[in-house]
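Worksheet: the structure to be examined is printed underneath.
Here is the naming used below: chain letters follow the sequence lines, and residue numbers restart at 1 for every chain.
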Amino acid sequence: MLLLDWRFRLFFWRDAAAAALVTLAGTAFLLLWDAAGIAAGIFLHGASAIATGVMLGPEMPLEEPVFLVFLVLCTMVLYTGAARLLSRRARRRPKAGSGS
Amino acid sequence: MSYPLVAGAFLALAAGAGLLLARRAGAALSWPAVALAGAALILLTAVFDSLMIAAGLFSYAPDLVAGPRIGLAPIEDFAYPIAAVLALPALWALLTRPGGASMGRLLRHAWVASRPVSWVNTAFPFAAAMLLTTREIDWLLVVGTIYYLVPYNLAMYGINDVFDYPSDVRNPRKGGIEGALLPPEYHRPMVWLAAATNAPFLLILLVSGDALSAAAIALSTFALVAYSAPGLRFKERPLLDSITSSTHFVSPALVGLALAGARFDSGLVLVLLAFFVWGLAAHAFGAVQDILPDREAGIGSIATVIGARRTVRLALLLWIAAGAIMLAVPWPGPLAALVALPYLLNCLPYANVSDADSARTNRAWRRFILLNYFSGFLVTLTMILFWSISS
């Protein structure tokens with residue numbers, strides 16, 4: 001995802017400060033969501049062999065915030081990428097129509 | 001509470017925020033791109049969620065999920081990508097919209113505005129109070145310390161810089177470690193940044209505590225806003241200005257103690273009182289150097305009202321009082337009374353300063369900022385001694 005971001009200057013490589021704010025806000029919101037789920041007893045941490053085993057809180061493994069950051073990054077690279085493609089297509093179409 | 005309820009509530013929150021942000025972002029947000037990204041995310045979620053659940057990374061309490069699954073993922077899990085795609089592109093579009101304030105410059109202003117040299121002054125009282133009570137570092141202590149280290153100071157000084165602009169423009173010492181001179185186009189974004197960084201932390205601290213900690217948090221947040229926000233402007237009400245300022249530093253300790261479930265015996269109350277009196281003195285003395293620019297801007301403070309000389313003398317008396325109170329605290333509390341001495345020595349040469357000469361006290365104020373680190377060191381040693389005696 002970061003490679004795509006870097007190659008096409010979509011998110012962090014377009015406006016690092018705004019991207020940092022979006023990432024921070026998104027991750028904080030999703031962490032609160034997780035915390036609410038954990039407090040309600042919905043999410044249970046699995047004792048998987050591939051997990052780091054590092055726990056940040058009850059039922060909250062180290063992987064969770066990392067995963068949430070990744071979700072935010074995915075969302076933003078997909079959105080900015082899609083917006084780039086759509087605007088490029090929209091710019092090309094009137095040109096083709098005018099026959100120039 | 002069941003998973004559909006939790007997911008529904010957070011999804012509604014994200015969608016509401018997204019719509020509000022989208023309205024303000026206007027044409028900067030591309031809805032077709034939101035739809036495309038959303039479709040791709042839902043597909044990715046179906047695949048990777050199923051893989052992670054199959055790998056046994058996490059599971060769900062079976063009686064709390066609605067039932068329908070896509071792949072192995074409960075249908076509620078799809079609220080995450082949908083919420084993300086509804087809110088985040090809108091936020092991004094608003095932050096990067098053409099003609100808007102540059103976020104890079106806002107963050108640089110926020111860095112200066114939050115007074116990094118003073119961060120520790122609010123984080124330390126919280127962390128020390130909580131650690132000395134619970135004797136362990138848990139996630140709540142970490143979250144609270146991060147809050148009182150950065151977002152709290154951003155709110156306190158950021159709001160102050162926004163609404164003090166008329167005075168700060170006239171003050172030659174602004175623009176460095178003692179505060180930013182914030183350009184007007186960054187005023188609104190700064191207030192938003194302060195609100196957005198404070199809200200999640202306050203929410204966590206509120207739900208993690210009881211009625212007492214909630215009251216302490218309410219007091220702390222009220223003091224934060226009331227000091228410089230228009231309408232309240234406690235910083236322009238002599239005496240109330242010093243009381244509010246001191247609350248800024250004592251209330252984090254109060255929150256830490258309440259969250260940790262401390263027993264408020266007479267020794268603890270005296271320590272808090274001494275700290276509060278020390279804070280009163282610090283604020284009053286700090287106001288002396290600004291008498292002339294404040295008067296010019298029509299801003300009142302304890303020092304503009306009672307004058308430079310009397311304010312300095314009041315500060316001296318308050319520092320003596322703070323030291324005297326510490327003498328009444330059980331051992332090793334009286335050791336901390338020594339901390340008052342360097343402040344008295346620093347301030348004493350200005351006991352006769354005139355209003356016209358009041359800007360001279362800035363030299364002592366600069367020494368005061370350094371002294372705080374030295375005092376912090378002495379207080380920490382006293383606390384370690386207390387820890388080893390009482391454990």
Legend entry - Largest heavy-atom contact set with chain B, pairs under 4.5 Å, which of A:Gly41, A:Gly37, A:Cys74: A:Gly41
At a 4.5 Å cut-off on heavy atoms, which part of [X] comes close to chain B: side chain, backbone, both, or neither?
| X | result |
| --- | --- |
| A:Phe67 | side chain |
| A:Ala16 | neither |
| A:Ala19 | both |
| A:Arg14 | side chain |
| A:Leu86 | side chain |
| A:Thr80 | side chain |

Inset, instruction - Might you work through the ring pair (Phe, Tyr, Trp, His ring centres under 6.0 Å) test for B:Phe10 and A:Phe29, ending with a clear yes or no? - result: CA-CA 9 Å; B:Phe10 277 88; A:Phe29 179 76; 5.6 Å; yes
Legend entry - Ring centroid separation A:Phe11 to B:Trp92 under 6.0 Å: yes
Legend entry - B:Phe126/B:Tyr147 aromatic ring centres below 6.0 Å: no
Legend entry - chain A interface, residue from B:Ala61, B:Pro81, B:Ala87 that has the most non-hydrogen pairs under 4.5 Å: B:Ala61
For [X] and [Y], indicate whether the former's side chain and the latter's backbone hold a donor-acceptor pair under 3.5 Å.
| X | Y | answer |
| --- | --- | --- |
| B:Trp192 | B:His187 | no |
| B:Ser50 | B:Leu72 | yes |
| B:Asp77 | B:Tyr80 | no |

